[in-house]
Chemist: 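This is the structure, below, for whatever I ask next.
Computed from a predicted structure; not experimentally measured. Worth knowing before you read on, the calculation uses all heavy atoms, side chains too, and leaves out hydrogens, waters and symmetry mates. Each chain gets a letter, A, B and so on, in the order its sequence line appears, and its residues count up from 1.
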There are 2 protein chains.
Amino acid sequence: MSASATQTTYERLRASLLAGLYRPEEKLKISELGAAFSVSTGAIREALARLTAEGLVTALPQRGFRVAPVSIADLRDLTDMRIEVETKCLRRAIANGDLGWETAVVAAHHRLAATPIAADDGSFSPAWTLAHGDFHAALAQACGSTWMLRVRDLLSAHNERYLDLARKTDRGKRDAAREHRELMEATVARDTERAVSIMTAHLGKTRDTIEAALLAAAAMNEAR
Amino acid sequence: MSASATQTTYERLRASLLAGLYRPEEKLKISELGAAFSVSTGAIREALARLTAEGLVTALPQRGFRVAPVSIADLRDLTDMRIEVETKCLRRAIANGDLGWETAVVAAHHRLAATPIAADDGSFSPAWTLAHGDFHAALAQACGSTWMLRVRDLLSAHNERYLDLARKTDRGKRDAAREHRELMEATVARDTERAVSIMTAHLGKTRDTIEAALLAAAAMNEAR
DNA sequence: AATATACTTTTTATTGAAAATCTATTTTCT
DNA sequence: AGAAAATAGATTTTCAATAAAAAGTATATT
């Protein structure tokens, strides 16, 4: 095995979290996780410590770890920030990006467009989720700022968690494929203002969709 | 003891790191740290894991932990990002902030202005460093966005590390006290554009000062 | 019936030592 | 001499046992 156990445990746990395998505020019992991943509690603890620093997990001293909570307020705040950062990245990438970057964007879009959005059970397919994340990452990549990309990654991770919560709603009511295509086209055409405006609208729509899903879920819970 | 051992260890280690107690790229030996803080390797490991997620420490699997490197390129990138985020926070804070916030800004400035900048050995005094950090934090506080503040904190932490590297240079050549006072005045007067422009200049000057110090240090190393 | 108290169980926190891995040095061979 | 291999030493990683704390449960008390 190349990487260490703690490293792989961290990655696996993070992936599970982003895939929505655990519900928000659910308690993450160290020994259970250890059993599930078949590593010692030490490794789990270390992974959880890192996830805590990322904000994906909250730690209460002497009281263990929980999945970070979600809320509509946080989603809105997160999206505001994402719009700031993603558009800033996009502007800089369009200004700085070379042909290699352009090619990567086109490639990532092609893969995204060719990947079926829905899995058998009606939720987002994992392949689509991956391709979608990669496409957005590809757009930002040439921004030339390590710090911007780092913050972008952090925000994306948190957004992915929300995306997953909304994975059974509203799909198809919006033409996400078209939004992505237009975003790609404007970017490759180096039409900065158009690309930024599409991106802003795209992120806003995503927020609205998730918000609706969260409200629907809350209403369901209310009427249990 | 109120908090847990891992928690306090994390905080202590982080403070040491921000205070520049360990040099960039210095190896952080787990057992040594354990002896220094008199806790077990597990606690150290957990603290280091969190610091790794924050980017203050780098982890090489099977090869331990090191203090994150510094570079002029990173400083520039960091400062660019800081200017983006700090000004965005400031704009929003000036728009949203209530009297309580205004009061906190004035108070933080008063403390900063009244704290001697230099310690006996000529470096920044810890009290000044603290007051300085608090003043800048106070300015941003009312921005109304948790995410923005979170990112701001992250960037500030990294900046503090750089500040410390420059702590023996150039102090006095610039009138930081005046910059701070003008920043406070423009903010309290709700003069957004003026405050933003002072902030931008302030962060830029800080970067230049640190850059000069880094170059000087590199030259010294060259000619060892 | 509601609250308080003592007891039990579960879970977290912490430790130190064993196992695995790396680094530097020495030795061997071409 | 220079490269490859072996060895020894140091360090990291992992683990499982112990201690401490919190949560839960049942019993007693007001």
Chemist: Looking for any heavy atom pair under 4.0 Å, which part of the strands does B:L28 touch: base, sugar-phosphate only, or nothing?
Modeler: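 Sugar-phosphate only.
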Chemist: Listed by chain and number, what are the side-chain hydrogen bond (donor to acceptor under 3.5 Å, both in side chains) partners of B:T6, not counting sequence neighbours?
Modeler: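 Here the qualifying residues are B:S4.
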Chemist: Whole angstroms only, please: what is the NZ-P distance between A:K29 and C:dT9?
Modeler: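 Rounded to the whole Å, the gap is 17 Å.
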Chemist: Nearest-Å distance, CZ (B:R63) to P (D:dT11)?
Modeler: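 Whole-Å distance recorded here is 15 Å.
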Chemist: Rounded to whole angstrom units, what separation is found between the NZ atom of B:K27 and the P atom of D:dA10?
Modeler: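 That distance rounds to 14 Å.
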Chemist: What pairs of nitrogen or oxygen atoms, one from the protein and one from nucleotides 14-20 of chain C, lie under 3.5 Å apart?
Modeler:
residue: C:dT14; atom: OP1; partner: B:A5; partner atom: N; Å: 2.4
residue: C:dT14; atom: OP2; partner: B:T6; partner atom: N; Å: 3.2
residue: C:dT14; atom: OP2; partner: B:T6; partner atom: OG1; Å: 3.3
residue: C:dT15; atom: OP2; partner: B:S40; partner atom: N; Å: 3.1
residue: C:dT15; atom: OP2; partner: B:S40; partner atom: OG; Å: 3.1

Chemist: With sequence neighbours excluded, what pairs up with B:T206 under the side-chain hydrogen bond (donor to acceptor under 3.5 Å, both in side chains) test?
Modeler: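 Partners of B:T206 by the side-chain hydrogen bond (donor to acceptor under 3.5 Å, both in side chains) criterion, ordered by chain and then number, come out as B:R174.
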Chemist: With sequence neighbours left out, which residue pairs that include part of residues 137-163 of chain B fulfil the ring pair (Phe, Tyr, Trp, His ring centres under 6.0 Å) condition?
Modeler: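 Every ring pair (Phe, Tyr, Trp, His ring centres under 6.0 Å) pair that includes a residue of residues 137-163 of chain B, provided the two are not neighbours, is A:W147-B:H158, A:H158-B:W147.
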Chemist: Specify the separation, in whole Å, of atom CG of A:L60 and atom P of D:dA21.
Modeler: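 Rounded to the whole Å, the gap is 17 Å.
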Chemist: Please enumerate all residues that pass salt bridge (Lys or Arg N to Asp or Glu O under 4.0 Å) together with B:R91, with sequence neighbours excluded.
Modeler: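 Partners of B:R91 by the salt bridge (Lys or Arg N to Asp or Glu O under 4.0 Å) criterion, ordered by chain and then number, come out as B:E193.
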Chemist: Do the side chains of B:R152 and B:E86 get close enough for a salt bridge, i.e. N-O under 4.0 angstrom?
Modeler: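 Between B:E86 and B:R152 there is a salt bridge, with a charged N closer than 4.0 Å to a carboxylate O.
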Chemist: Could you list the residues that satisfy side-chain hydrogen bond (donor to acceptor under 3.5 Å, both in side chains) with B:R150, not counting sequence neighbours?
Modeler: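 Listed in chain order: nothing, the list is empty.
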Chemist: What is the distance, to the nearest angstrom, from the CD atom on B:E32 to the C1' atom on D:dT12?
Modeler: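 Taking atom C1' of D:dT12 as the reference, CD of B:E32 is at 13 Å.
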Chemist: Rounding to a whole Å, what distance do you find between A:I44:CD1 and C:dT12:P?
Modeler: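 Answer to the nearest Å: 11 Å.
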Chemist: Using the side-chain heavy atoms of A:S31, tell me which of these nucleotides is nearest: D:dT11, C:dC22, C:dT12.
Modeler: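 Nearest nucleotide to the side chain: C:dT12.
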